[in-house]
Amino acid sequence: MSPVLSAGPFSAWLRAAREALRTGAGADVPCGDCTACCASSYFIHVRPGETATLDALGKDALIDAPGLPAGHKLLGHGKDGTCPKLVENRCTVYAHRPQTCRAYDCRVFAAAGILESPDKPRINARVEQWRFDYPTPRDREEHEAVRSAARFITNNAGLFPEGRIPGTPSQLAVLAMKVHGVFLEPPRVPAETARRIVEASRAP
Ligand code: SF4
């Protein structure tokens with residue numbers, strides 16, 4: 001069995017993760033020598049303003065991002081799901097890696113109590129290793145609120161307007177993190193909870 005990994009105190013992690021999402025700043029993840037997310041068949045979004053990154057990656061590694069305005073690109077992966085910039089288990093463009101890579105934090109799945117999709121077994125192995133700490137009762141309450149949000153959204157998809165249900169596990173985990181405050185409030189009927197979730201998801 002794989003050893004457990006400390007994911008840190010839950011409430012401190014939640015605040016930092018939400019701030020990273022809000023500002024676009026990078027996440028401070030104790031990855032160690034893990035490169036699972038660089039070898040899990042992700043298409044990595046690179047925004048037009050990331051000029052140093054676009055130069056470092058080179059045109060040949062990028063494709064136009066479908067459905068997004070001109071200038072948005074995707075960094076693809078090889079047949080085995082590995083990023084072309086990962087060589088001998090090291091990122092060869094680390095100083096200029098995309099914002100998407102900087103922001104990635106697989107603890108979000110552990111926070112929401114879910115796994116990534118089954119085609120990403122290395123990520124899921126890592127997710128199962130993370131353990132949060134609960135230095136105060138609030139840490140535990142907030143973690144339960146994030147898990148409750150993920151469960152509610154999954155089990156009540158019919159209560160949400162079209163387009164408001166996350167299409168991927170990572171979108172679900174991020175949404176659960178964002179709207180968890182709804183589950184720290186007194187319980188409501190499901191339709192009202194769904195309405196509050198939509199409201200909370202619109203917050204910056
Ligand atoms: S650019 Fe670097 S950090 Fe991003 S997926 Fe590729 S190897 Fe990993």
Side-chain angles (χ1 to χ4, degrees), residues 1-21 23-45 75 77-155 166 168-180 183-184:
M1 206 176 130
S2 303
V4 300
L5 296 169
S6 172
F10 188 80
S11 294
W13 173 82
L14 182 62
R15 273 194 301 281
R18 291 187 57 156
E19 187 63 6
L21 274 180
T23 60
D28 185 13
V29 189
C31 299
D33 59 3
C34 177
T35 54
C37 60
C38 306
S40 291
S41 307
Y42 282 122
F43 282 92
I44 295 161
H45 181 200
L75 172 61
H77 53 78
K79 281 197 180 121
D80 65 352
T82 301
C83 172
K85 301 301 172 187
L86 187 73
V87 178
E88 293 178 0
N89 217 35
R90 300 194 77 83
C91 174
T92 53
V93 293
Y94 191 78
H96 297 300
R97 66 200 187 284
Q99 183 59 37
T100 305
C101 304
R102 293 171 196 269
Y104 190 89
D105 184 347
C106 65
R107 289 175 295 182
V108 73
F109 299 106
I114 63 172
L115 291 174
E116 240 297 15
S117 41
D119 68 333
K120 304 192 189 316
R122 285 187 59 191
I123 303 261
N124 286 332
R126 190 76 170 178
V127 170
E128 286 177 334
Q129 287 180 275
W130 291 123
R131 296 289 182 280
F132 286 101
D133 302 326
Y134 307 104
T136 69
R138 187 68 175 173
D139 288 77
R140 215 173 270 285
E141 282 164 19
E142 289 193 327
H143 195 176
E144 188 45 40
V146 176
R147 285 193 287 229
S148 297
R151 272 196 304 272
F152 182 90
I153 296 162
T154 304
N155 296 336
T168 64
S170 54
Q171 289 169 357
L172 172 62
V174 168
L175 179 61
M177 196 170 85
K178 192 168 178 188
V179 305
H180 78 285
F183 292 85
L184 293 169

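- With sequence neighbours excluded, the residues forming a side-chain contact (heavy atoms from CB on, under 4.5 Å) with C31 are V29, listed by chain and number.
- Proximity of a side-chain donor or acceptor of D133 to a complementary backbone N or O of P135 within less than 3.5 Å is not detected.
- Here the shortest heavy-atom pairing between G113 and R147 reads N-CG, 4.0 Å.
- A distance-only check finds a donor-acceptor pair linking the side chain of R102 to the backbone of R97 [under 3.5 Å].
- Closest approach of W130 and A110 over heavy atoms only: CB-CB, 3.9 Å.
- In this structure, the side chains of Q171 and T168 come closer than 4.5 Å at one or more pairs of heavy atoms.
- In this structure, CG in D33 is found 7.0 Å from CG in N89, a value given to the nearest 0.5 Å.
- Taking both residues in full, the closest heavy atoms of S6 and P30 are given as O-CG, 4.5 Å, listed atom of the first, atom of the second, then distance.
- Here R90 contributes atom CZ and C38 contributes atom SG; the two are 11.5 Å apart, rounded to the nearest 0.5 Å.
- With hydrogens and angles ignored, the 3.5 Å screen pairs no side-chain donor or acceptor of N124 with any backbone N or O of L115.
- The salt bridge (charged side-chain N to carboxylate O under 4.0 Å, His left out) check on E128 picks up nothing, with sequence neighbours excluded.
- Between the H143 side chain and the A111 main chain, a donor and an acceptor come within less than 3.5 Å of each other.
- Using a 4.5 Å heavy-atom cutoff, the side chains of I153 and P166 are in contact.
- In this structure a side-chain-to-backbone donor-acceptor pair under 3.5 Å is present from T92 to K85.
- The structure places OG of S11 at 7.0 Å from CZ of R138, a figure rounded to the nearest 0.5 Å.
- Considering only heavy atoms from C-beta on, P169 comes within 4.5 Å of F109 through its side chain.
- In this structure, the separation between CZ on R126 and OG1 on T35 is 9.5 Å, given to the nearest 0.5 Å.
- A donor-acceptor pair under 3.5 Å links the side-chain atoms of Q129 to the main chain of P3, judged by distance alone.
- When side chains are defined from C-beta on, S170 does not count as touching L172, because their heavy atoms never get closer than 4.5 Å.
- In this structure, K120 forms a cation-pi arrangement with Y42, its terminal cationic atom sitting closer than 6.0 Å to the ring centre and no more than 45° off the ring axis.
- Cation-pi geometry between R15 and W13 is not met at under 6.0 angstrom from the ring centre and within 45 degrees of the axis.
- Between the side chain of D139 and the main chain of T136, a donor-acceptor pair closer than 3.5 Å is present.
- Pairing each heavy atom of I123 with each of C37, the nearest pair is CD1-CA, 3.5 Å.
- Annotation: the span from H77 atom NE2 to T82 atom OG1 amounts to 9.5 Å, rounded to 0.5 Å.
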| query | Going through the distances and angles, do L14 and H180 end up as a side chain to side chain contact (heavy atoms under 4.5 Å, CB included)? | reply | CA-CA 10 Å; L14 182 62; H180 78 285; 3.4 Å; yes
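- Considering all non-hydrogen atoms of both residues, D105 and A27 come closest at CB-CB, 4.1 Å.
- A salt bridge is defined here as a Lys NZ or Arg NE, NH1 or NH2 lying under 4.0 Å from an Asp or Glu carboxylate O, and E144 with R151 meets this definition.
- Looking at R107, its side chain does come within 3.5 Å of a backbone N or O of A7 through a donor-acceptor pair.
- Of all the heavy atoms in S148 and F183, the pair that sits closest is CB-CD2, 3.7 Å.
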| When you look at I44 and Y104, which way does the side chain to side chain contact (heavy atoms under 4.5 Å, CB included) test go after all the steps? | CA-CA 10 Å; I44 295 161; Y104 190 89; over 6 Å; no
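- The CG atom of L5 sits 8.5 Å away from the CZ atom of R131 when rounded to the nearest 0.5 Å.
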